[in-house]
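Reviewing the structure listed below.
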Amino acid sequence: QMPTLRPRAAIAQVGPDGEMARYFVVDDDSPYGSTNQRRVYRNRKPHSKATESQWELKEPGEDEATVALDEARVLSRFTFDTSTEGLYVVPLEIRKNNPQVAQIQDPADPSEGEEAQ
C-alpha cells in the first residue's frame with residue numbers, strides 16, 4: 001500500500017528575538033491564498049507529551065489561522081512524523097533544535113504517560 005504523504009511544515013518566528021518573539025508551526029506544502037500566507041497548525045493535545053501530540057491545521061476564520069511569511073522568519077523546515085496512532089507529531093530533532101518554541105516541547109507537567117525526563 002502507498003505510504004501516506006506526511007505534510008511539510010515549518011517553525012516561523014514573528015517579532016524580534018527574545019521573550020517578545022512568537023512562534024508558529026505553519027504549513028510549508030502549499031501557499032494559502034496569496035503566496036505569502038501560510039496556514040497555522042495547532043496541537044489538539046497541548047497537555048500531552050510531544051510524542052503524543054496531534055497537530056492539525058486551524059480552520060480559516062479561526063484566530064491566527066494564517067501567518068504572513070514576509071513578517072516572519074523561518075527557523076526550521078521539516079516533515080511531520082506520525083505517531084503510533086497515526087497523528088502528526090513534530091520530529092525530535094526539530095524539537096531539540098528549537099528549545100525556545102514552547103508549544104512543540106513536552107509540557108512541564110504532562111497529564112498522561114510517564115514523567116518528562
Side-chain angles (χ1 to χ4, degrees):
Q1 67 186 41
M2 292 288 291
T4 318
L5 286 178
R6 295 168 304 165
R8 291 192 300 261
I11 307 287
Q13 174 180 323
V14 175
D17 288 338
E19 55 195 39
M20 296 302 290
R22 301 183 61 226
Y23 303 100
F24 297 90
V25 178
V26 299
D27 174 25
D28 202 33
D29 263 333
S30 56
Y32 179 71
S34 77
T35 53
N36 154 45
Q37 295 287 328
R38 289 292 183 276
R39 289 182 71 183
V40 172
Y41 279 92
R42 58 125 165 262
N43 181 8
R44 291 298 298 228
K45 294 162 54 175
H47 301 296
S48 295
K49 291 170 44 178
T51 52
E52 296 163 3
S53 57
Q54 179 180 354
W55 289 91
E56 62 180 36
L57 286 167
K58 289 188 175 186
E59 294 298 324
E62 282 191 71
D63 196 33
E64 297 186 323
T66 62
V67 164
L69 278 196
D70 58 5
E71 298 169 9
R73 194 165 94 229
V74 171
L75 304 181
S76 294
R77 290 189 148 89
F78 63 94
T79 301
F80 278 107
D81 282 343
T82 45
S83 67
T84 49
E85 292 84 34
L87 306 175
Y88 295 136
V89 299
V90 176
L92 176 61
E93 180 182 357
I94 298 298
R95 301 198 313 264
K96 282 186 170 169
N97 291 346
N98 296 280
Q100 76 284 20
V101 184
Q103 72 259 40
I104 66 172
Q105 307 298 337
D106 283 328
D109 181 18
S111 62
E112 57 188 273
E114 61 209 34
E115 288 303 305
Q117 295 304 305

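Note that these values count all heavy atoms, side chains included, but never hydrogens, waters or copies made by symmetry.
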Check: If Ile, Leu, Val, Met, Phe, Trp and Tyr residues are connected whenever their side-chain heavy atoms lie under 4.5 Å apart, and connections chain through other members, are Tyr23 and Ile104 in the same group?
Finding: yes
Next item on the list: Take Gln103 and Tyr41 through the test side-chain contact (heavy atoms from CB on, under 4.5 Å) and record every step on the way to the result.
Entry: CA-CA 11 Å; Gln103 72 259 40; Tyr41 279 92; over 6 Å; no
Checklist line | In one Ile/Leu/Val/Met/Phe/Trp/Tyr side-chain cluster, 4.5 Å: Leu57, Val101 | finding: yes
Checklist line | Pairwise distance CG(Asp106) to NZ(Lys49) - rounded to 0.5 angstrom | finding: 6.5 Å
Notebook entry, point to check: If you look at every heavy atom in Pro46 and Pro107, which pair is closest and at what distance?
Noted result: O-CG, 3.9 Å
Check: Taking a hydrophobic cluster as the set of Ile, Leu, Val, Met, Phe, Trp and Tyr residues connected by side-chain heavy atoms closer than 4.5 Å, whether directly or through intermediates, do Ile94 and Val25 fall within one such cluster?
Finding: yes
Item checked: Expected output: side-chain Ser83 to main-chain Glu85 donor-acceptor under 3.5 Å -> yes
Check: Which atom pair, heavy atoms only, marks the closest approach of Ser53 to Leu87?
Finding: O-CB, 3.7 Å
Next item on the list: Check step by step if side-chain contact (heavy atoms from CB on, under 4.5 Å) holds for Glu64 and Val40.
Entry: CA-CA 7 Å; Glu64 297 186 323; Val40 172; 5.6 Å; no
Notebook entry, point to check: How long is the span from the OH atom in Tyr88 to the OG1 atom in Thr79, to the nearest 0.5 Å?
Noted result: 11.0 Å
Next item on the list: Could you tell me whether the side chain of Arg38 and the main chain of Leu69 form a donor-acceptor pair under 3.5 Å?
Entry: no
Next item on the list: Answer yes or no: does atom CD of Glu62 have more than 12 heavy-atom neighbours from other residues, nucleotides or ligands under 6.0 Å?
Entry: yes
Check: If you round to the nearest 0.5 Å, how far is OG1 of Thr66 from CZ of Arg39?
Finding: 9.5 Å
Item checked: Trace of the salt bridge (charged side-chain N to carboxylate O under 4.0 Å, His left out) decision for Asp63 with Arg42 -> CA-CA 11 Å; Asp63 196 33; Arg42 58 125 165 262; over 6 Å; no
Check: Would Lys96 and Leu92 satisfy side-chain contact (heavy atoms from CB on, under 4.5 Å), going step by step from the backbone distance to the final call?
Finding: CA-CA 6 Å; Lys96 282 186 170 169; Leu92 176 61; 4.1 Å; yes
Note to self: Please enumerate all residues that pass side chain to side chain contact (heavy atoms under 4.5 Å, CB included) together with Asp81, with sequence neighbours excluded.
What the structure shows: Arg6, Val89, Pro91
Note to self: Measuring from atom CZ of Phe80 to atom CD of Glu56, what distance do you get when rounded to the nearest 0.5 angstrom?
What the structure shows: 10.5 Å
Check: So, for Ala12 and Ala72, which heavy atoms are closest and what is the spacing to 0.1 Å?
Finding: CB-CB, 4.1 Å
Next item on the list: Would you kindly say whether Asn98 and Ser76 are connected by a side-chain donor-acceptor distance under 3.5 Å?
Entry: yes
Next item on the list: Answer yes or no: is there an ion pair linking Lys45 with Glu52, defined by an N-O contact shorter than 4.0 Å?
Entry: no
Check: Under 4.5 Å between side-chain heavy atoms, hopping through other hydrophobics if needed: is there a path connecting Phe78 to Val26?
Finding: no
Notebook entry, point to check: Do any N or O atoms from the side chain of Asn36 and from the backbone of Asp70 form a donor-acceptor pair under 3.5 angstrom?
Noted result: yes
Item checked: Straight-line distance of Met20 CE to Gln13 CD, nearest 0.5 Å -> 12.0 Å
Check: Would you find a donor on one side and an acceptor on the other, under 3.5 Å apart, between the side chain of Gln105 and the backbone of Ala50?
Finding: no
Note to self: Check for me, please, whether Phe24 and Leu75 land in the same ILVMFWY cluster - side-chain distances under 4.5 Å, paths through other members count.
What the structure shows: no
Next item on the list: Supply the atom-to-atom distance Arg77 CZ to Ile11 CD1, rounded to the nearest 0.5 angstrom.
Entry: 11.5 Å
